[in-house]
Amino acid sequence: MKNERMYNELIELLTTDSASGKEDAIAELLKGKLEELGFTVTQDNAGEAFGSTCGNVIGIREGELEGALLLSSHMDRVPNGLGIQPVERDGVLYSDGTTILAADDISGVCAILEGIRQATASGTPLPRLEVVFTVQEELCLGGAKVMDPSPLKSHIGYIFDSPGGVGRFINGAPGRYILKAEITGKPAHAGNAPEKGIDAAKTMADIISTLKQGRLDEISTSNFPHLEAGTGSANINVVCDHALIEGEARSRDLKKLLDYVEYFRAHCQKVADEHGAKVKVTTEENFLPFFISEDDPVLTIAKTACEKQGIPFQCAVLGGAFDGNIHNARGMATVGVATGYSKNHTTEEQLELESFFRSGDLCAALIETYAEGLARK
Ligand SMILES: [Zn+2]
């Protein structure tokens with residue numbers, strides 16, 4: 001059944017321009033909406049870390065019960081998300097085909113606002129509610145990463161930012177390392193004395209052609225999409241003395257991820273040694289993996305909330321990361337909550353509206369189920 005309130009808010013926010021680092025217009029609207037719902041709202045300076053003016057929006061609403069619950073989604077969207085014109089066909093919302101839809105993650109924002117409206121209107125005692133709308137999620141979880149977590153008292157949280165139908169919870173995601181190898185060879189005249197040179201381009205090619213990459217095992221992958229050789233000049237009569245490899249590795253198992261990082265380092269060194277080239281390998285932890293078992297409270301609450309709402313409960317582990325990776329690494333058990341979108345990050349992105357409306361009801365049920373059994377203050 002159509003929820004006009006959710007629908008209107010969805011259209012309002014989808015048609016408000018936003019991008020990673022340019023979330024200001026959405027942030028202003030959301031601050032006002034949270035204040036209307038009785039939240040004390042602050043905005044941090046997370047954006048400054050990335051040269052932007054917009055920070056994370058953090059809303060706190062003290063409750064009558066002990067305990068605190070985190071509800072979060074993100075305000076930015078991938079590129080091609082300006083001037084969105086939503087079009088509804090047969091209960092599904094699309095863009096007009098020229099842009100993304102940005103249901104990732106505006107649908108999550110709307111589900112949270114609706115859940116809070118329903119929960120506060122019910123008049124039942126509530127715990128402290130902590131709402132975080134992050135910036136720069138699409139740029140490697142930037143906003144969540146630099147956010148000071150000290151205002152948050154929650155031990156569990158729901159991140160409304162996952163593809164699929166309502167009732168689907170994401171209870172695991174890989175960790176990621178960014179990997180880089182800079183190869184230094186030796187220049188020499190290509191015609192007179194190529195044997196006096198050390199070819200960095202060939203070293204790079206040998207490293208890549210013999211490197212284990214792509215699907216490494218069931219839960220691990222790597223990808224090296226950025227290769228560069230030469231100094232950028234059009235001079236082709238000098239043996240190449242500089243090359244660069246950039247990529248990433250992911251795994252849901254931290255040990256496997258760290259093992260691969262070490263393997264990458266050793267492999268680059270071995271091939272470079274064979275060529276007599278120098279190599280500088282740098283590895284950077286981007287975010288850590290997590291997995292939450294189905295008997296963890298964050299998921300038993302989810303299961304009960306789904307039962308109350310007559311929504312089929314389902315857990316899934318995906319290959320992408322979301323703000324939950326950051327919160328879990330800080331010791332807060334958080335899972336992703338699906339809100340009905342699919343084909344996100346493309347112009348074919350779509351939002352199944354019935355699923356979306358139900359995700360608002362589910363958010364209210366999550367708050368109420370969490371509240372059950374909590375002591376009064
Ligand atoms: Zn997202």
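Order of listing sets the numbers, starting from 1, for every ligand and every atom in it.
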(request) Decide if the gap between the ring center of Phe224 and the ring center of Phe264 is smaller than 6.0 angstrom. (result) yes
(request) Find, among atoms of Asp104 that are N, O or S, the one nearest to the Zn ion (ligand 1), and state its name. (result) OD1
(request) Would you check if the Zn ion (ligand 1) lies under 2.8 Å from any N, O or S atom of Asp161? (result) yes
(request) For the residue pair His327 and Pro149, establish whether any side-chain heavy-atom pair is separated by less than 4.5 Å. (result) no
(request) Can you sort out the partners of Glu12 under salt bridge (charged side-chain N to carboxylate O under 4.0 Å, His left out), two or more places apart, ordered by chain and number? (result) Lys33
(message) Under 2.8 Å from the Zn ion (ligand 1) - does any N, O or S atom of Asp105 fall there?
(response) no
(message) So for atom CD, which belongs to Glu4, do other residues, nucleotides or ligands contribute more than 12 heavy atoms lying within a distance under 6.0 Å?
(response) yes
